[in-house]
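Here is the structure we will look at.
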Amino acid sequence: MSQTETASPHGAERSGGAGTAFSVTRGLFGARVPEFTGSHGVEVHSLVSSDHVPLYLFAVKSLARCWPEVTPVVHDDGTLTAVDVARLERLVPGVRVIERAEADARVAELLADHPVLAAVRQNNVRILQLVDYFLLAETRSVVSMDSDVVFLNRPQLLIDWAAAPVDERPGFLYSPEFGWEPQGVHWIPDHLPGVPHVSYMCCGFSAVDRVRFFDADFLERTLAGLPREISFAPRYVTQMSYSLLGGRLGTGSQSLEEPYRSGRLEWLPDREDRVICHYFASHERSTALDNLTEEAPLLTRAIGLPAAG
């Protein structure tokens, strides 16, 4: 079982909203969940910042409750401290943390013949959610998971996918995102007319056969051919790239459907079979503390604790 810890997140005081955050986080540190075993041959990769370590801990503990047979992998966005890494390794036994300096050195060598893709990665931390996940994975089956995803039920569809022969399963399973226009896809019709792509998808949660899905040569050609203001845009290039890579697979790309749909829980139909909740951390809130306070009921539910008071 996982170890416990009693410190409050990032120095939270025990009053008002911060008191709620402290209570929720104390529950997080004390929550007993199964340890990861890696027996299904799947790695779950997440890009994590220092500010989002408490949020990621909810994500990964909810994953352990629902699918402990995987291996969690954390990619440092460049802000993780030694204390962050030690906390992750203590509270998430079996986690593999790839620190930014190590990743930069390894990926630079792997992309030596892909100068545009390497330059995009150097200038856009979000592209690590594509390039580093699939270049540095140690398993063929990879799940990409944002740090603001929590599991609510066992993901049987993904378990079956991981167990299936590679020539009998989709190469790309994605969380659908609709009700608004996915921002990363909007460049494609004008600048890449006729190029197959996945229209309504979120790159924040997907399951990938990385051998079939990831193609650095294709990304190099595509990004080199686009206007620089698109290829080097600070946002949405990652989603566009996932969409294009998925489009190349044709029927080998499939939606995970409504139980895995991306969106805040209050935006989605109420379903007992919902597997994930994505976007529990809102960019409209200024700090991780605010997210812990306002999403206390969801977060305690996700790690199997009684409802927060």
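Evaluation of the ring-ring contact (aromatic ring centres under 6.0 Å, His included) rule for H197 yields no partner, not counting sequence neighbours. Partners of S206 according to the side chain to side chain donor-acceptor pair (under 3.5 Å) rule, which considers only residues two or more places apart in sequence or in another chain, are S144. With sequence neighbours left out, A64 forms a side-chain contact (heavy atoms from CB on, under 4.5 Å) with V33, F36. Every residue two or more places apart in sequence or in another chain that forms a ring-ring contact (aromatic ring centres under 6.0 Å, His included) with F172 is listed here: Y174, F213. Remark: E220 pairs with H114, P115, V116, L117 by the side-chain contact (heavy atoms from CB on, under 4.5 Å) rule, at least two apart or across chains. Not counting sequence neighbours, the partners of T139 by the side-chain contact (heavy atoms from CB on, under 4.5 Å) test are E43, V142. With sequence neighbours excluded, the residues satisfying side chain to side chain donor-acceptor pair (under 3.5 Å) with E102 are R106. The side chain to side chain donor-acceptor pair (under 3.5 Å) test applied to E69 returns R154, not counting sequence neighbours. Remark: D76 engages no residue in a side chain to side chain donor-acceptor pair (under 3.5 Å) (not counting sequence neighbours). Checked against side-chain contact (heavy atoms from CB on, under 4.5 Å), P227 has the following partners two or more places apart in sequence or in another chain: H191, E229, I230.
S46 contributes no side-chain N or O that, together with a main-chain N or O of V74, makes up a donor-acceptor pair within less than 3.5 Å. Between the S262 side chain and the S175 main chain, no donor and acceptor come within less than 3.5 Å of each other. In this structure, the side chain of W67 does not engage the main chain of I159 through any donor-acceptor pair within 3.5 Å. Of the possible donor and acceptor atoms, one in the side chain of N123 sits under 3.5 Å from a partner among the backbone N and O of A119. Using a distance-only test at 3.5 Å, with no hydrogens or angles considered, a donor-acceptor pair links the side chain of S231 to the main chain of L223. The closest donor-acceptor contact from the side chain of N153 to the backbone of E272 lies under 3.5 Å. Although no hydrogens or angles enter the test, the distance criterion places a donor-acceptor pair under 3.5 Å between the side chain of T238 and the main chain of R126. With S243 contributing its side chain and Q239 its backbone, the two residues share no donor-acceptor pair below 3.5 Å. Panel note: side chain R274, backbone P269; a donor-acceptor pair is recorded below 3.5 Å.
Atom CZ of residue R65 and atom CG of residue L152 lie 9.0 Å apart, to the nearest 0.5 angstrom. Put simply, CG on D273 and CD on E257 are 11.5 Å apart, with the number rounded to the nearest 0.5 Å. For the atom pair CD1 (I276) and CG (L265), the distance works out to 11.0 Å, reported to the nearest 0.5 Å. Separation of atoms CH2 (W161) and CD (Q156) is listed at 14.0 Å; rounding is to 0.5 Å.
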Checklist line | Pair S50-T81, side-chain hydrogen bond (donor to acceptor under 3.5 Å, both in side chains): steps then yes or no | finding: CA-CA 7 Å; S50 182; T81 66; 4.9 Å; no
Notebook entry, point to check: Given D77 and R100, is the salt bridge (Lys or Arg N to Asp or Glu O under 4.0 Å) satisfied, shown in steps?
Noted result: CA-CA 6 Å; D77 76 340; R100 183 63 186 270; over 6 Å; no
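By the 4.5 Å heavy-atom criterion applied to side chains, W187 and L226 are not counted as neighbours. Contact check for L158 versus Y260: side-chain heavy atoms found under the 4.5 Å cut-off. Taking the side chain as every heavy atom from C-beta outward, D51 and T79 never approach each other to under 4.5 Å.
Under a cutoff of 6.0 Å and an axis angle of 45°, R210 and F214 do not form a cation-pi pair.
S241 and L130 get closest at one heavy-atom pair: CB-CD2, 3.5 Å. Considering all non-hydrogen atoms of both residues, C202 and E177 come closest at CB-OE1, 3.4 Å.
The list of side-chain hydrogen bond (donor to acceptor under 3.5 Å, both in side chains) pairs with a residue in residues 244-256, not counting sequence neighbours, reads D215-R248. Residue pairs meeting the salt bridge (charged side-chain N to carboxylate O under 4.0 Å, His left out) criterion with at least one member in residues 110-121, sequence neighbours excluded, are D104-R121, R121-D132.
More than 12 heavy atoms of other residues, nucleotides or ligands sit less than 6.0 Å from atom CD of E258. Within a 6.0 Å radius of CG in D167, other residues, nucleotides and ligands contribute more than 12 heavy atoms.
Under the 4.5 Å side-chain heavy-atom criterion for grouping Ile, Leu, Val, Met, Phe, Trp and Tyr, V70 is not connected to V166 through any hydrophobic cluster. Residue V211 is not grouped with residue V42 when hydrophobic side chains (ILVMFWY) are merged at heavy-atom distances under 4.5 angstrom, including chains of intermediate members.
Using a 30° and 60° split on the angle between ring planes, F151 and F205 fall in the perpendicular class, above 60°.
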